[in-house]
J.: 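I'd like to ask some things about the structure below.
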Amino acid sequence: VQLQASGGGLVHAGESLRLSCAASGRTFSSVVMGWFRQAPGKEREFVAQILWSSGYTYSSDSVQGRFTISRDNAKNAVYLQMNSLKPEDTAIYYCAAATRYFSTSYYYTLISSWDYWGQGTQVTVSS
């Protein structure tokens with residue numbers, strides 16, 4: 001599975017951005033798609049995930065209510081709508097795909113649960 005993330009940029013606090021992730025290759029092998037982010041000097045952290053089949057979503061507490069993950073099965077694409085952006089949202093955002101199904105969303109917050117990663121797209125939020 002190949003993942004191509006796009007849509008990052010420089011915005012002011014309070015503004016919005018929409019990230020896209022296009023999946024290609026053996027996309028039928030992936031069960032869940034997700035977004036992670038990594039700020040300078042920090043570890044990569046989970047942002048949100050969505051199941052291809054049902055559209056069930058789960059997101060981290062830090063973005064809940066501001067970020068929305070969605071998918072377009074026909075286009076093999078996943079999106080992250082980011083509203084009310086804050087300077088602390090500044091990071092490189094990565095999309096990822098997982099081939100294993102876990103009944104508990106917690107396991108998708110772990111980097112080790114994901115099998116494929118995109119190249120990342122930079123999001124910078126100025127104050």
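Note that this is a predicted model, so its numbers are computed, not measured.
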J.: Less than 4.5 Å apart, any side-chain heavy atom of V78 and any of W35?
T.: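 Counting from C-beta outward, V78 and W35 do come under 4.5 Å.
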
J.: Pairing donors with acceptors under 3.5 angstrom, does anything connect the side chains of T124 and Q122?
T.: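 The criterion, which ignores hydrogens and geometry beyond distance, is satisfied for Q122 and T124.
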
J.: S113 side chain to Y107 main-chain N or O, any donor-acceptor pair under 3.5 Å?
T.: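 Flag set: sc S113 to bb Y107 pair under 3.5 Å.
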
J.: Just checking R26: does its CZ atom have more than 12 heavy atoms from other residues, nucleotides or ligands closer to it than 6.0 angstrom?
T.: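 Atom CZ in R26 is not crowded, with 12 or fewer foreign heavy atoms closer than 6.0 Å.
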
J.: Below 4.5 Å, heavy atoms only, C-beta onward: do Y94 and V47 meet side chain to side chain?
T.: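 Side-chain contact under 4.5 Å: no.
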
J.: Determine, step by step, whether R44 and I111 satisfy the side-chain contact (heavy atoms from CB on, under 4.5 Å) criterion, reporting the C-alpha distance in whole Å, the side-chain angles of both residues, the deciding distance to 0.1 Å, and the verdict.
T.: CA-CA 8 Å; R44 192 171 299 190; I111 292 175; 3.7 Å; yes

J.: Counting only pairs under 3.5 Å, give me each side-chain donor-acceptor contact of residues 7-24, with atom names and distances, residues two or more places apart or in other chains.
T.:
| unit_1 | atom_1 | unit_2 | atom_2 | d |
| --- | --- | --- | --- | --- |
| E15 | OE1 | H12 | N | 2.9 |
| S16 | OG | N83 | OD1 | 2.9 |

J.: Any side-chain heavy atom of M82 within less than 4.5 Å of one from Y93?
T.: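 In short, these two side chains touch, coming nearer than 4.5 Å.
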
J.: Could you grab the distance from atom CH2 of W117 to atom CZ of F36, nearest 0.5 Å is fine?
T.: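 The CH2 atom of W117 sits 4.0 Å away from the CZ atom of F36.
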
J.: Enter the distance from T99:OG1 to D115:CG here, rounded to the nearest 0.5 Å.
T.: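 Output value for this atom pair is 3.5 Å.
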
J.: Can you check side-chain contact (heavy atoms from CB on, under 4.5 Å) on S70 and Q81, steps first, answer last?
T.: CA-CA 8 Å; S70 61; Q81 178 66 43; over 6 Å; no

J.: Can you check whether S62 reaches R37 side chain to side chain, under 4.5 Å on heavy atoms?
T.: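 S62 reaches R37 side chain to side chain.
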
J.: Determine whether the aromatic ring centres of residues F102 and Y108 are separated by less than 6.0 angstrom.
T.: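 Ring centres of F102 and Y108 closer than 6.0 Å.
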
J.: Taking side chain as C-beta onward, heavy atoms only, is M33 less than 4.5 Å from L3?
T.: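 Yes, at least one pair of side-chain atoms sits under 4.5 Å.
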
